[in-house]
**Student:** 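Just dropping this structure here.
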Protein chains: 2
Amino acid sequence: MTERSTAQRRAAKGATMADVARLAGVALKTVSRVVNDEPNVRDEVRARVHAAIAEAGYRPNAAARALVTSRTRTLGVVTMSTTFRGPSAILAGVEAAARDAGYGIALTRTPTGSPEAIAAAMDALVDRGVDGIVILEPAQSTATIGHETPGTPVVVFEDRPGDSADWIRVGADDVGACREAVAHLLALGHGTVHHVAGPAGWRTSDARAEGWRTALEAAGRAVPAPVTGDWSAASGFEAGMALAARPDLTAVLCANDDMAIGLIHALEGRGLTVPGDVSVVGMDGSEVSAYLHTPLTTLAQDFEAIAREGVARLLDAVEGREPESRRVSVPVRLVVRASTDAPRIVAGEPA
Amino acid sequence: MTERSTAQRRAAKGATMADVARLAGVALKTVSRVVNDEPNVRDEVRARVHAAIAEAGYRPNAAARALVTSRTRTLGVVTMSTTFRGPSAILAGVEAAARDAGYGIALTRTPTGSPEAIAAAMDALVDRGVDGIVILEPAQSTATIGHETPGTPVVVFEDRPGDSADWIRVGADDVGACREAVAHLLALGHGTVHHVAGPAGWRTSDARAEGWRTALEAAGRAVPAPVTGDWSAASGFEAGMALAARPDLTAVLCANDDMAIGLIHALEGRGLTVPGDVSVVGMDGSEVSAYLHTPLTTLAQDFEAIAREGVARLLDAVEGREPESRRVSVPVRLVVRASTDAPRIVAGEPA
DNA sequence: GCCCGGATTGACAGCGCTGTCAACTGGAGG
DNA sequence: CCTCCAGTTGACAGCGCTGTCAATCCGGGC
């Protein structure tokens with residue numbers, strides 16, 4: 001069995017550059033020049049080599065090239081999850097941007113999201129020879145990762161300043177977005193806004209909570225204790241059960257759409273209506289949010305733009321150009337739908 | 001700039017096996033033996049080499065190893081999307097299974113999903129030297145891809161027989177699952193079941209439609225014309241608008257949960273209630289489906305099991321073992337929730 | 001004490017490609 | 001007619017590692 005498969009492999013292993021050179025009657029190096037589109041080859045020779053390449057069915061050997069150039073034209077991606085909307089949307093954008101630039105993607109997940117797991121994943125990618133590393137939606141603020149990969153540039157999709165000065169940072173303006181959502185709700189007449197946060201320690205959780213809190217403080221409103229979820233609809237449901245009892249509950253900002261869906265389900269189960277009794281804002285702009293029983297007001301992020309921006313900066317660094325900027329913030333758009341409305345009774349003020 | 005970055009790279013490039021050999025006072029080959037855990041090295045020597053490895057901070061060079069072994073310990077993944085639930089869940093499982101076996105993942109997306117794009121992606125992965133290829137949720141039935149990669153085994157996540165005899169096939173039992181869903185609805189008393197299918201040409205669309213149709217036929221029921229969507233909630237909404245007018249509409253099976261959500265929204269917009277007027281079954285077991293206004297009856301797939309099974313078979317082939325089986329079907333589980341109920345009036349029979 | 005076989009170790013030749021540098025070409029300029 | 005130079009081409013030496021095969025070591029059997 002093993003022998004047969006080895007034989008197959010050997011047979012399948014096609015022509016080498018030397019074969020092409022022989023066929024075209026030129027030197028190895030000339031074939032190399034043609035393959036890599038280098039100048040200083042006569043058109044006639046170039047054509048002859050191309051013909052020989054076609055005839056031999058030659059395909060360059062990536063490992064050999066990587067060995068001598070010590071570049072793999074591969075970007076490593078570290079992500080905790082591929083199922084949540086944010087990471088998967090950014091991953092898609094990263095892959096597209098990389099492919100357009102002739103780079104491949106090496107994917108590693110770190111289900112625990114711990115700093116150690118992330119560091120180990122980064123090391124594994126470096127060992128595989130990636131030219132650059134993309135850190136997607138890390139649970140941990142990058143400040144706590146603190147892992148260096150000398151010689152391999154890193155881009156992290158977060159908007160907040162961190163410790164590793166070398167890292168490129170690109171992120172949605174979570175703080176600004178949540179401020180805008182709170183402003184929207186206050187403008188509708190709500191006395192304050194409750195918050196269902198993402199899990200503690202996630203940078204996005206922190207940023208979103210910060211935007212929510214500072215907006216309330218700036219408006220001089222009470223800041224209710226936030227409830228913490230884990231991004232799942234189930235945790236949003238539990239949060240809803242907990243919040244339903246609060247007397248001043250008229251508006252809730254959830255750190256993602258899934259939790260908002262769970263929350264609404266819980267509120268309705270307790271006899272509260274949305275937006276009649278409680279206004280709800282989600283976050284992430286998931287596609288289904290527009291088609292729910294009560295279409296959800298949400299904060300839509302342009303994940304595609306974030307991804308392209310990040311990959312462009314990373315490739316600048318990989319290819320020895322100084323990145324235009326090491327810190328990019330992409331705006332978030334508030335999409336108002338049916339889940340937010342004026343409160344039935346304007347708290348603390350005469351109607 | 002370029003010079004500096006080159007210098008950095010060179011400096012970052014650590015010790016080689018030769019450095020370690022010198023440090024430990026042994027031959028190159030002995031270091032190689034230790035690094036690869038080969039037998040026939042005295043414990044004392046092994047320890048000395050390990051010490052030298054640690055001292056030098058040596059890390060094996062993957063490209064050099066790949067060049068000489070012509071194996072990269074990398075699996076290529078071809079997927080159309082990373083945002084839909086099915087592919088992203090399987091991708092996660094594939095990555096985990098590969099990592100457990102010491103393999104990395106090279107990811108390529110084919111947004112168009114055309115046979116040409118899939119074939120090109122497969123070739124690109126082969127050029128990058130992957131040891132095996134995973135085709136995730138291809139839009140095209142694999143029968144129409146018909147692309148050979150001699151020497152590189154392929155696993156495709158589909159349950160139906162196809163043309164490429166060499167390919168390993170692992171998939172959910174879509175046909176059986178849809179039959180079960182139809183049986184559930186008929187048992188509740190519905191006269192027939194309408195169907196919102198996925199886009200034409202997708203193997204999952206076809207399989208799900210086939211299960212639905214054959215179940216109706218077997219029961220001697222009318223088979224209404226199916227409506228075609230594109231997996232999105234928006235297309236489900238449109239399907240709902242189209243179906244709402246049908247007089248015999250009491251039950252709908254949607255080929256995924258997102259379309260079911262859109263469909264329900266449209267029906268409710270037309271004044272129909274779920275499940276009062278119409279029962280709806282989704283498919284995929286998305287997490288939010290349990291937390292909708294009307295929790296959705298759905299067909300839950302064990303994506304993790306599918307992924308593990310597929311990777312295990314693929315690695316058998318990659319490593320020269322004969323796979324236990326080249327064709328595996330994983331059952332789907334019907335999860336009954338509030339969106340299905342007996343019809344208000346049992347069609348064609350006295351109440 | 002000597003021979004034998006298995007265990008251990010090492011020398012060496014590549015894997016397929018690119019970077020360096022020398023060698024060659026042909027036409028412009030003197 | 002010879003020199004010079006830009007434009008072309010090729011010979012050669014590795015990149016860092018593993019496979020092959022020969023050399024050496026050791027203890028047991030005679």
Side-chain angles (χ1 to χ4, degrees), chain A residues 2-3 6-7 9-49 52-53 56-73 126-129 151, chain B residues 2-3 6-7 9-49 52-53 56-73 126-129 151:
Chain A
T2 300
E3 287 177 48
T6 304
R9 177 164 296 278
R10 200 154 298 283
K13 203 154 64 177
T16 75
M17 211 170 242
D19 299 327
V20 175
R22 210 171 303 124
L23 214 54
V26 297
L28 207 57
K29 179 67 214 196
T30 301
V31 179
S32 170
R33 286 198 181 90
V34 172
V35 169
N36 294 295
D37 258 330
E38 287 172 24
N40 298 339
V41 177
R42 268 186 305 145
D43 288 348
E44 185 261 322
V45 174
R46 201 179 286 274
R48 212 164 70 225
V49 172
I53 288 174
Y58 168 75
R59 326 246 25 184
N61 179 310
R65 188 177 290 182
L67 175 57
V68 65
T69 59
S70 57
R71 318 292 255 72
T72 52
R73 294 194 78 79
V126 170
D127 284 350
R128 284 187 180 276
Chain B
T2 301
E3 286 176 48
T6 305
R9 178 164 296 279
R10 200 154 297 283
K13 205 154 65 176
T16 74
M17 211 170 243
D19 298 328
V20 174
R22 211 170 301 124
L23 214 54
V26 298
L28 206 57
K29 179 67 215 199
T30 302
V31 178
S32 170
R33 287 197 181 93
V34 172
V35 169
N36 294 295
D37 258 331
E38 287 173 23
N40 298 339
V41 178
R42 266 186 307 145
D43 287 348
E44 186 262 323
V45 175
R46 199 179 288 273
R48 211 163 71 226
V49 171
I53 287 174
Y58 167 76
R59 325 247 24 187
N61 179 309
R65 189 176 291 182
L67 176 57
V68 64
T69 59
S70 56
R71 317 293 253 74
T72 53
R73 293 194 79 79
V126 170
D127 284 350
R128 284 186 180 276

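So you know, we letter chains A, B, ... as the sequences are listed, proteins then strands, and number each from 1.
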**Student:** Can you tell me if the side-chain N/O atoms of B:Asn61 get under 4.0 Å from OP1 or OP2 in D:dC15?
**Tutor:** no
**Student:** Give the rounded distance in Å between these two atoms: CE of A:Met17 and P of C:dG19.
**Tutor:** 11 Å
**Student:** Could you state the atom-to-atom distance from CG of B:Leu67 to P of D:dT18 in whole Å?
**Tutor:** 11 Å
**Student:** Five pairs at each end of the helix from C:dG1-D:dC30 to C:dG30-D:dC1: take the axis at both ends and give me the angle between them to 10°.
**Tutor:** 60°
**Student:** For residues B:Leu67 and A:Ala64, report the shortest heavy-atom separation together with the two atoms involved.
**Tutor:** CD1-CB, 3.6 Å
**Student:** Please report, rounded to the nearest Å, how far the P atom of D:dC5 is from the CG atom of A:Asn40.
**Tutor:** 18 Å
**Student:** Take the protein atom CD1 of B:Ile53 and the nucleotide atom P of D:dC17, then report the distance between them rounded to whole Å.
**Tutor:** 10 Å
**Student:** Which one, D:dT18, D:dG10, C:dG16, comes nearest to the side chain of A:Thr16?
**Tutor:** C:dG16
**Student:** Name the closest nucleotide to the B:Arg65 side chain, picking from C:dC17, D:dC17, C:dT20.
**Tutor:** D:dC17
**Student:** Do the side chain of B:Arg48 and the main chain of B:Ala24 share a donor and acceptor less than 3.5 angstrom apart?
**Tutor:** yes
**Student:** Reckon B:Ser32 has a side-chain N or O less than 4.0 Å from the OP1 or OP2 of D:dT18?
**Tutor:** yes
**Student:** Test A:Ile53 against A:Val35 for side chain to side chain contact (heavy atoms under 4.5 Å, CB included), laying out the working first.
**Tutor:** CA-CA 9 Å; A:Ile53 288 174; A:Val35 169; 3.9 Å; yes
**Student:** To the nearest 0.5 angstrom, please state how far the CZ atom of B:Arg59 sits from the CZ atom of A:Arg128.
**Tutor:** 12.0 Å
**Student:** For B:Leu28 and D:dT20, what is the distance between atoms CG and C1' respectively, to the nearest whole Å?
**Tutor:** 14 Å
**Student:** D:dG10 phosphate, OP1 or OP2: any side-chain N/O from A:Thr30 under 4.0 angstrom?
**Tutor:** yes
**Student:** What is the separation between atom CZ on A:Arg33 and atom P on D:dT8, rounded to the nearest whole Å?
**Tutor:** 11 Å
**Student:** Let's see if you can work this out: which of D:dC17, D:dT18, D:dG10 has an atom nearest to the side-chain heavy atoms of B:Asn36?
**Tutor:** D:dT18
**Student:** For residues A:Tyr58 and A:Val20, report the shortest heavy-atom separation together with the two atoms involved.
**Tutor:** CB-CG2, 3.5 Å
**Student:** Should B:Thr30 and B:Arg42 be marked as a side chain to side chain contact (heavy atoms under 4.5 Å, CB included) after you check the CA-CA gap, both sets of side-chain angles, and the distance that decides it?
**Tutor:** CA-CA 10 Å; B:Thr30 302; B:Arg42 266 186 307 145; over 6 Å; no
**Student:** How long is the span from the CG atom in B:Leu28 to the CZ atom in B:Arg33, to the nearest 0.5 Å?
**Tutor:** 10.5 Å
**Student:** Which residue, B:Glu44 or B:Ala64, contacts DNA chain C at a nucleotide closer to its 5' end, judged by nearest heavy atom?
**Tutor:** B:Glu44
**Student:** Taking atom P of C:dC17 as reference, at what distance in whole Å does atom CZ of A:Arg22 sit?
**Tutor:** 12 Å
**Student:** What nucleotide, of C:dC17, D:dT9, D:dG19, holds the atom closest to the side chain of A:Val41?
**Tutor:** D:dT9
**Student:** My understanding is that only one of B:Asp19, B:Val26, B:Leu23 makes a side chain to side chain contact (heavy atoms under 4.5 Å, CB included) with B:Val31; could you say which?
**Tutor:** B:Val26
**Student:** Can you figure out which of C:dC17, D:dT8, D:dA11 approaches the side chain of A:Pro60 most closely?
**Tutor:** C:dC17
**Student:** Name the residue closer to the 5' end of DNA chain D, choosing between B:Lys29 and A:Arg42 according to the nucleotide with the nearest heavy atom.
**Tutor:** A:Arg42
**Student:** If you check the B:Val68 side chain, which of C:dG16, D:dT18, D:dT8 turns out closest?
**Tutor:** D:dT18
**Student:** Without decimals, in angstroms, what is the distance between B:Arg71 CZ and D:dC17 P?
**Tutor:** 19 Å
